[in-house]
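Below is one structure; the comments refer to it alone.
Counting starts at 1 for both ligands and their atoms, following the listed order.
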Amino acid sequence: MAIKKFPLDKMSPMFARIQLENLNDEIAKHDKAYHGDDAPLISDGEYDELVKWYKEIEAAFPVEGDNNPLGRVGYAPQDKFEKITHRVPMLSLGNAFSAVDVHEFYAKIDRFLGLDGAVINLTAEPKIDGLSASLRYEDGILVSGATRGDGQVGEDITINLKTISEIPHQLQGEHIPKIVEVRGEVYMSHAEFAALNERQEAAGQKIFANPRNAAAGSLRQLDSRITASRNLHFFAYAPGEIIWGEMSGLQFTTQMGIVEQFKQWGFAVNSLTQIFDNADELVAHYAKIEDLRPTLGYDIDGVVYKVNRLDLQQRLGFVSRAPRWAIAHKFPAEKAKTIVNDIEIQVGRTGALTPVARLEPVSVGGVVVSNATLHNEDEIERKDVRIGDMVVIQRAGDVIPQIVEVVLDKRPKDSVAFEFPRICPICGSAAARDINAKTGKIDVIRRCEGGLICKAQVTERLKHFVSRNAFDFDGLGAKQVQQFYEWGIIKDASDIFDIEANDGQQWDTIRKREGWGELSVDNLFTAINERREIGLDRFIFALGIRHIGETTARMLARNYETMELFLPAMVAASVPIGTDGSLFNEAYADLVNLDGMGDVVAQSLILFFAEDNNIKFLTKLLAAVTTIPLEKTDDSSPVAGKVMVFTGSLEIMTRSEAKAKAESLGAKVTGSVSKKTDILVAGPGAGSKLKKATELGILVLTEEQWVAMANGDANGDANGDAKGETDE
Ligand code: IVH
């Protein structure tokens, strides 16, 4: 989501107010989604963008009143928990996104304190991507624990927090204040997160997008046994209210001292916390933590810097919702560094070998990434990605994460260049790169030539066959077909329709197998039988022929109408004629001449139908399945059953609209004019096609005439004469 930014200097005050109101609503919506529902709708980076834009407009056009979302932290507490008012508000942190921002932050502190360049110590520690909690201890006993809520009022989640082993129920050791609030971050480790999602999936429950959401969902449970089962963790990093009382002795003077004391009391504190003298050192520590990020085992989204001396913190105080004495130096939202643990080669339905990088899991833009595509062998070579490398990965929107570059100075000394296999890793058949028919160049994709003997290709085809836009059997998805294949119940898709008849005969009944009960098997058989009739377009798509997507499948179904016409035509088209083995015959010419068909697609089709095994497969499948022609188009229209060609530029409809319209009226649209053409619609700029149509005596219409006809206007009658209105 990129936000549209109207130039500030062209904004009127009125326009700015509306913009701010809209942004306010938008930000509030995301606050609720993030803090209230634990289900963010946008990435953290996108959220930061919105807030930044709000601030920019607000700075240019200041607003009065307290309707400012930026004065609010988080989302108002939910009703299901009791509320706890924080004695000391739980604030947020300002953000720095670059080294320049960090230097500015330091310089501002220096100016504010007027220390004239004297060294100001700051601590730097990882910013944990979890959710903050405040724990209240009275005489050393944990009495309550709350979420941040809106910063002023949080939710009472004491019993849930007590299930976390890193939260002591009683403070240990010495220097126990009368009252102390210990604040910190509750988080979930990567390992716990993966295990939880596996359990959730097996139980058919909600899958969490990232460890932060999982931690939040786990903490906000009304049943604390659920929280306990989630093995959450806690790092303590800041105090809230403190009342020392008479007996406590020593008091804190520094941030580091606080953290040390927390540790003495029995809390887990982050071991990467260190003290530094200046902004350069902070930025260097940031880089170090960024490199360590993939090895930590939990999510962090930046580094927090805090002025170490508490008296200076006191003097610096707060601005709106954030302290002046601390800042969060955020990692870039959509990029992260991680390690390539392995490079695996996946084999697709059409035999394509695709390299996939298996990564040390890392959170990018709110999603845990553990795989990245490497596209093909040229790409690996170009980027010189090797197993063991540290890499920068990038994720934008829903796109599969990409490897941007290798961090070369982190490359292990013993690393070797990745060698792309020349044979299929699944079946051992040769894997070669084709010569591209169109360009004459060597294709980037290496393909396994094992065809049906390649288990990967067979199972990928099966998965395609059952997929949503193909046969779409209820309860028989990718996982189940894979299972059936491995159990020897099906060898190819045509076997699916024999499962019921053979169950308990050829193999031990599915009813007794793990994950399958009586009822689910009955439902499965019903679902399979419901697909014994299927649209011809879906059927063609389900075959998984290379280059035949849904659109081409639909086009073929529309043009050949029935299986009885389609199959013989394809077989005829794939019979080589001529002594040179050339593939061109009349059926092939008809095929290539279809609008939307090209050589590459046509050749892929005939390669499929020239293969004996495929014909055997189809014959068996067609004994079990009846195909239904595409929904009957409007027979009464004047173009029904006519073969039409569009040429020249169209001005009323786009080319694809015109084509779709013609097809919906029952016409066939082809790409070139021949004796079979009935109507040519010619717009301005028409040339050779118009000439040929005129020579062949074919009806020629202007675009207006065609539109009138399509709209059922009597004047645009196809049998009427198209009086010389063409532009020739
Ligand atoms: S200090 C007044 N330290 O980040 C300063 N916060 O974006 C209190 N967070 O609300 C916060 N790790 O939930 C601090 N090491 C850390 C942190 C940390 C994560 C969270 C915390 C805070 C938010 C601000």
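- Looking at Val304 against ligand 1, only its side chain comes within 4.0 Å, counting heavy atoms.
- Ligand 1 is approached by Pro323 to a heavy-atom distance shorter than 4.0 Å.
- In the model, Glu26 has a side-chain atom that pairs as donor or acceptor with a side-chain atom of His30 under 3.5 Å.
- By the 30° and 60° cut-offs, the orientation of the rings of Phe252 relative to Trp244 is perpendicular.
- Polar contact with ligand 1: absent for Ala238 (N/O pair, distance under 3.5 Å).
- With sequence neighbours left out, Asp223 forms a salt bridge (charged side-chain N to carboxylate O under 4.0 Å, His left out) with Arg225.
- Looking only at side-chain heavy atoms (C-beta outward), Phe112 and Lys108 stay at 4.5 Å or farther from each other.
- Heavy atoms of Ala328 come nearer than 4.0 angstrom to ligand 1 in no pair at all.
- Proximity of Met90 to ligand 1 is not established, as no heavy-atom distance is less than 4.0 Å.
- Counting heavy atoms from C-beta outward, His329 and Leu282 have side chains that stay 4.5 Å or more apart.
- Taking 4.0 Å as the cut-off, Pro126 counts as a neighbour of ligand 1 on heavy-atom distance.
- A centroid separation of less than 6.0 Å is found between the aromatic rings of Tyr187 and Phe235.
- Between Trp325 and ligand 1, not a single N/O pair is under 3.5 Å apart.
- Side-chain polar atoms of Glu125 and Asn270 form no donor-acceptor pair below 3.5 angstrom.
- Which parts of ligand 1 touch Ser92 is read off a 4.0 Å heavy-atom cut-off, strictly below it: atoms 7 (O), 24 (C).
- Counting heavy atoms from C-beta on, the side chains of Leu374 and Val356 never come closer than 4.5 Å.
- Not a single heavy atom of Arg183 sits under 4.0 Å from any atom of ligand 1.
- Heavy-atom contacts of Lys306 reach the following atoms of ligand 1: 1 (S), 3 (N), 14 (C) (cutoff under 4.0 Å).
- Within ligand 1, counting atoms from 1 as listed, the ones closer than 4.0 Å to a heavy atom of Arg148 are 10 (O), 22 (C).
- Which of Lys127, Glu125, Glu185 comes nearest to atom 23 (C) of ligand 1 through a heavy atom is settled by distance: it is Lys127.
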**Request:** Take His285 and Phe276 through the test ring pair (Phe, Tyr, Trp, His ring centres under 6.0 Å) and record every step on the way to the result.
**Result:** CA-CA 9 Å; His285 193 58; Phe276 297 98; 4.7 Å; yes
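- In the vicinity of Leu91, heavy-atom distances shorter than 4.0 Å reach the ligand 1 atoms 10 (O).
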